[in-house]
Amino acid sequence: MSLANIFNIAGSAMSAQTIRLNTTASNMANADSVSSSVGETYRARKPVFELQAPSLEQVTDTDSGLIPGQGVHVAGIVESQAPLRTAYEPSHPLADEKGYVHYPNVNVVEEMADMISASRSFQINAEIMNTAKQMVQRALTLGQ
């Protein structure tokens, strides 16, 4: 696997984890938002990752028949289908005609675990890129 592939894979993973961190932050920011109808209530969002298709170079450049790592990209962001939280609060200004308010289906503990996981994954890929950069710099000094 070439260093260019390593940079591509780690870079695409860092980009994907950034989107994951942003959606998690959005979910946590809206965890306590209230709505008077089910249709207007915020729903937790999750990114969907997909393996990037290999380039023609990668397919024809391999002798073993194995295609080297291609990287990852975000195919889309989907809304959670988990049920919303509903609370009977007739005195709330956003209560519906039956006295219920609707809260998002965001689980803050799950979101925190996702945020930690995405942050660690981002850090690991940053270290991979840094190590690859150091390897290139050392290889260049060998020729001096």
Side-chain angles (χ1 to χ4, degrees), residues 1-62 64-141:
M1 182 178 299
S2 72
L3 284 173
N5 282 351
I6 292 171
F7 283 119
N8 181 41
I9 294 167
S12 69
M14 289 171 66
S15 177
Q17 293 306 327
T18 299
I19 292 171
R20 183 175 170 202
L21 283 167
N22 287 338
T23 56
T24 301
S26 177
N27 289 342
M28 291 178 69
N30 288 291
D32 290 325
S33 61
V34 180
S35 177
S36 59
S37 73
V38 173
E40 295 175 7
T41 305
Y42 180 87
R43 295 181 185 275
R45 292 169 172 83
K46 300 286 182 191
V48 176
F49 298 138
E50 188 174 82
L51 189 65
Q52 286 180 344
S55 68
L56 186 59
E57 272 178 17
Q58 289 174 320
V59 174
T60 58
D61 197 29
T62 180
S64 65
L66 298 174
I67 298 170
Q70 299 94 1
V72 65
H73 77 279
V74 177
I77 297 176
V78 296
E79 289 186 344
S80 171
Q81 297 304 311
L84 300 173
R85 293 181 294 139
T86 304
Y88 182 69
E89 299 176 18
S91 61
H92 196 285
L94 291 177
D96 63 11
E97 62 277 350
K98 295 178 183 176
Y100 288 95
V101 291
H102 305 279
Y103 291 93
N105 56 357
V106 175
N107 180 339
V108 179
V109 174
E110 183 180 309
E111 296 299 327
M112 282 299 297
D114 257 2
M115 186 172 280
I116 291 168
S117 173
S119 177
R120 297 266 167 86
S121 181
F122 185 93
Q123 289 171 344
I124 288 168
N125 282 289
E127 287 181 30
I128 289 170
M129 288 188 80
N130 192 30
T131 302
K133 183 181 88 172
Q134 289 173 355
M135 287 172 51
V136 169
Q137 288 172 336
R138 287 189 182 144
L140 289 173
T141 60

Mind listing the side-chain donor-acceptor pairs of residues 24-38 below 3.5 Å, one per line with the distance, residues two or more places apart or on another chain?
unit_1, atom_1, unit_2, atom_2, d
T24, OG1, R20, O, 2.8
S26, OG, Y42, OH, 3.1
N27, OD1, Y42, OH, 2.6
N27, OD1, R45, N, 2.9
N27, ND2, T23, O, 3.4
N27, ND2, R45, O, 2.8
N27, ND2, E111, OE1, 3.3
N27, ND2, E111, OE2, 3.4
N30, ND2, S26, O, 2.9
S33, OG, N30, O, 2.9
S35, OG, S37, N, 3.2
S35, OG, S37, O, 3.0
S37, OG, E40, N, 3.4

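- Between atom OH of residue Y88 and atom CG of residue D96 there is a gap of 10.0 Å, rounded to the nearest 0.5 Å.
- Remark: L51 CG to I9 CD1 distance equals 9.0 Å, nearest 0.5 Å.
- For N125 (side chain) and A13 (main-chain N/O), no donor-acceptor pair under 3.5 Å exists by modelled atom type.
- Under the 3.5 Å distance criterion, the side-chain polar atoms of Q52 are left unmatched by any main-chain donor or acceptor of E50.
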For residues 129-139, please give each side-chain donor-acceptor pair under 3.5 Å, one per line with the distance, not counting sequence neighbours.
unit_1, atom_1, unit_2, atom_2, d
T131, OG1, E127, O, 2.9

F49 vs V74, side-chain contact (heavy atoms from CB on, under 4.5 Å): CA-CA, chis, key distance, verdict
CA-CA 5 Å; F49 298 138; V74 177; 3.7 Å; yes
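- With hydrogens and angles disregarded, no donor-acceptor distance shorter than 3.5 Å links the side chain of R85 to the backbone of N105.
- With sequence neighbours left out, the side chain to side chain contact (heavy atoms under 4.5 Å, CB included) criterion links T86 to Y100, H102.
- Using modelled atom types, one side-chain atom of S12 and one backbone atom of V72 make a donor-acceptor pair closer than 3.5 Å.
- How far CG of D114 is from OG of S119: 12.0 Å, rounded to the nearest 0.5 Å.
- Summarising the geometry, atom NZ belonging to K46 is positioned 15.0 Å from atom CD1 belonging to I19; distances are rounded to the nearest 0.5 Å.
- The nearest pair of heavy atoms linking F122 to T18 is CE1-OG1, 3.4 Å.
- Summarising the geometry of V106 relative to A44, their closest heavy-atom pair is CG2-CB, 3.9 Å, with the distance given to 0.1 Å.
- Annotation: the span from L21 atom CG to Q17 atom CD amounts to 7.0 Å, rounded to 0.5 Å.
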